Amino acid sequence: MEGKSEDNSVSKPTPWPYMNIGSLTMSFFTKLATAGFIWGCGYLNVSVAWLIAPIALLAWKAERRKDNELKVITAKASIMAKEKELIMNRLDELPSWVYFPDVDRAEWLNKVLYKVWPNINHFARELCKQSIEPAIVEKLTEYKIKGFQFDRLVLGRIPLKIYGIKAYDKNTSRNEVIVDADVMYAGDCDITFSVGNIKGGIKDFQIRGMMRIVMKPLLPIMPIVGGIQAFFLNPPAINFNLVGVADVLDLPGFNDILRKTIVEQIAAFVVLPNKIVIPLSEEVPVESLKMPEPEGVLRIHVVEAKHLMKKDISVLGKGKSDPYAIINVGAQEFRTKTIDNTVNPKWDYWCEAVIYSCIMQKAMVFLWDRDANIPCVQYDDFLGRASIEVSRVKKKGTIDTWVSLEQAKHGMIHLRLMWFQFSKNVADLKAALIETQELRITSMSTALLVLYVDSARNLPCVRGNKQPDVFLEATVGGDKKRTATLLRSCDPVWEQGFTFLVSNPETSILHIKITDEKTAFIVGEMNYNISLLLKENNLEITQQPYDLQMAEADSKLILSMSLSILKYEEPEPTSEEDDDDHDITQLNKRIERQESNISNTSSRKFPPSPLKRQPSKESVKSSTGSGAGNGPEETAPPNEEIVVINTASSLTGSPQLLHRNLSITSSSGEAKLGRIQLSLRYSVQRQKLIVVVHKIANLPLPHNDPYNIPDPYVKLYLLPDRHKETKRKTAVMKDNCNPVFDEQFEYVISQGDLNTRKLEISVCTQKGWLSAGSKVMGQVHINLSEIDVTKSFTSWYDLQPETKD
């Protein structure tokens with residue numbers, strides 16, 4: 001009887017014709033409509049060409065959807081998986097504690113987050129409604145899109161996960177605690193919004209980045225910490241999918257504008273100089289937490305780039321590119337002009353960024369190929385990126401270097417960076433003005449103004465004696481900053497801080513305007529001569545009330561202002577070399593210095609190798625005698641000792657020479673295929689393998705034909721991954737048996753994974769344009785497990801015959 005009752009308690013499955021009747025009907029009508037449309041096109045004799053565009057668009061959408069779904073599944077799996085499973089599966093986005101020994105695991109903190117996640121849900125919802133939504137509304141109005149608002153905002157049950165955490169005990173104030181957390185959110189959020197009459201939603205929202213948490217000031221009484229500041233030093237990676245009507249409108253135009261706006265505003269809201277500030281004690285004034293605290297100013301000169309990838313399509317294959325650069329320092333973004341039809345652009349572009357934290361802050365340069373398609377919508381091709389740590393620039397004062405592009409097969413960019421600290425001495429202003437005049441660039445600055453807008457009092461009413469919805473705009477030169485809008489308030493309290501770069505504080509003016517958002521009526525305004533701050537004690541004023549024009553007699557605006565002069569100081573000379581300094585020019589100077597020392601001290605035992613350039617085809621044709629046909633063997637000594645220069649040991653003052661005596665050899669190497677000079681080093685801090693291809697010596701002439709001079713280039717792979725992600729390539733040198741490249745390439749790889757890799761360097765010659773492929777003239781295989789790449793070294797390698805996989 002018990003078994004019978006058990007069987008009766010189980011619900012019977014519904015027969016399949018009734019269970020899926022809705023989806024079956026939808027599928028039937030969809031296929032019927034498709035067949036009817038095709039039949040109608042044929043009946044009306046409509047050209048098939050009209051179907052190409054919509055079919056291509058549908059195929060593009062389907063492929064993009066598959067890629068997004070794969071990323072979402074991978075991210076969610078990494079969030080829910082345990083640490084051992086992450087390492088076993090060798091996911092690309094491993095926790096930071098796997099790579100960096102000073103980053104600690106935070107599983108205990110993730111368990112705490114799981115408990116408090118429902119409460120964080122409520123806080124995040126209020127934060128988005130009050131701060132992020134108004135910023136998105138303002139940005140969309142620039143595209144004539146109005147009426148955006150969040151209808152539902154739930155972060156879901158899967159909490160934020162912390163992959164690693166690092167606490168700083170050096171180079172920090174005794175009055176603060178600084179913690180960096182590697183955070184990722186890839187939860188089951190439920191977000192719906194409306195844009196006018198269009199309803200849509202956001203799902204599979206993901207964000208990954210390094211968040212800094214600053215606890216300050218430290219108090220001798222409870223709660224011990226006066227407040228918390230949370231922000232991202234660099235823009236985090238953000239991705240999401242649109243659903244609902246917005247997904248139906250997943251077409252060039254509306255979708256791209258909405259997606260770009262949401263990503264920009266979310267990133268800008270939590271990236272320096274923007275912060276999430278949480279006061280914890282009434283004893284600490286809010287001004288001390290929300291006032292901007294810059295450390296210095298970074299001046300960036302984007303000079304030029306070379307050997308960029310070709311992305312444009314031409315009649316004869318791949319043409320050139322139309323490159324431009326975007327510079328990001330935190331939430332600050334700058335853009336160069338576009339140089340058309342070139343892979344070696346010269347921009348000569350200057351910009352300045354205010355730095356709020358040197359620790360872990362990077363200056364990022366992204367290169368793009370401009371492809372104009374639909375107005376307001378760009379599908380630009382990515383050409384690579386470069387990054388330089390701000391702390392390196394601060395340490396050195398000035399950096400002038402060529403940086404190899406990441407996420408690109410080849411390409412380098414020339415950057416000059418200079419660090420300016422702050423001075424409160426008015427006498428330093430004269431030197432700053434002279435320097436900007438010598439640069440002849442009017443956009444350069446000489447001072448920094450920090451403005452803190454506290455509040456306003458007794459603002460006049462508008463619209464029939466109603467309280468205004470006010471916001472404040474502050475302008476210095478062409479730089480404009482705006483506060484949030486406070487609804488229905490004659491005594492608004494903003495408590496927001498801004499920074500302005502000032503070209504000349506003696507002539508610049510700060511203009512402030514308070515406006516009612518609904519009527520655009522100016523409630524009050526004021527002008528302030530920045531030169532007045534030069535007469536103040538320490539060049540600052542605190543909580544000063546100012547009268548407003550066009551307002552009531554007793555209307556006041558409470559401000560705090562501080563002025564700092566930009567000053568460049570030469571760093572103190574140190575004997576230590578920067579391990580992360582990969583300036584090819586400086587590296588070549590050290591190599592030449594070592595080679596000259598070797599040739600001077602051991603001229604009898606080690607004769608210099610005559611690495612002469614091969615003459616061009618024209619000069620070969622016009623030359624007479626048998627000398628032109630001798631090629632690289634012309635002046636080579638019969639028994640040469642190959643010298644390997646260890647620049648790592650040379651930096652310490654005692655060069656070590658590794659000799660390999662060859663009884664029968666020449667300057668063309670053991671296999672008579674020539675030699676290549678390489679520099680290798682590994683940056684433990686940046687987790688990067690850096691390879692510099694300097695030059696090739698004495699390549700042989702194919703078939704000993706003096707008229708068939710090769711067009712060499714170098715191709716690199718990081719084995720066993722022989723695919724486009726690890727492929728790197730130098731420029732092609734025309735008609736040259738002794739080419740000089742001086743190109744640098746980088747591979748992001750953990751130190752533990754480095755011992756399992758092998759570097760393959762192939763010297764190829766480019767064939768004529770009527771034939772496909774390339775010819776390998778020689779190869780070098782370097783087993784990275786057999787050498788210590790943590791110590792920089794430069795060596796000559798004999799090229800060997802090609803080995804097939």
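Computed from heavy atoms alone, side chains included, the values below leave out hydrogens, waters and symmetry copies. Model, not experiment: these values are computed from the prediction. Throughout, residue positions are numbered sequentially from 1 according to the sequence presented.
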Got a sec, which residues hit side-chain contact (heavy atoms from CB on, under 4.5 Å) with Thr342, two or more places apart in sequence or on another chain?
Pro323, Ile339, Asn344, Pro345

Taking only residues two or more places apart in sequence, or in another chain, which ones meet His414 in a side-chain contact (heavy atoms from CB on, under 4.5 Å)?
Val303, Glu304, Asp400, Trp402, Arg416

Per the salt bridge (Lys or Arg N to Asp or Glu O under 4.0 Å) rule, what does the pair list look like for residues 776-787, sequence neighbours excluded?
none

Can you tell whether the side chains of Arg208 and Asp182 come within less than 4.0 Å, N to carboxylate O?
yes

Just by distance, do the side chain of Asp798 and the backbone of Arg675 share a donor-acceptor pair under 3.5 Å?
no

Does the side chain of [Y] come within less than 4.5 Å of [X]'s, by heavy atoms?
X	Y	result
Ile413	Leu367	yes
Leu673	Leu699	no
Leu680	Val692	no

Test side-chain hydrogen bond (donor to acceptor under 3.5 Å, both in side chains) applied to Thr730 and Glu743, step by step:
CA-CA 7 Å; Thr730 68; Glu743 292 196 40; 4.7 Å; no

In terms of relative ring orientation, are His301 and Trp350 parallel, tilted or perpendicular, with 30° and 60° separating the classes?
parallel

Trp368 side, atom CH2; Asp322 side, atom CG - distance, nearest 0.5 Å
14.5 Å

Verify the distance criterion only: is there a donor paired with an acceptor across the side chains of Asp788 and Tyr682 at less than 3.5 Å?
no

Answer yes if the side chains of Asn328 and Glu333 hold a donor-acceptor pair under 3.5 Å, and no otherwise.
yes

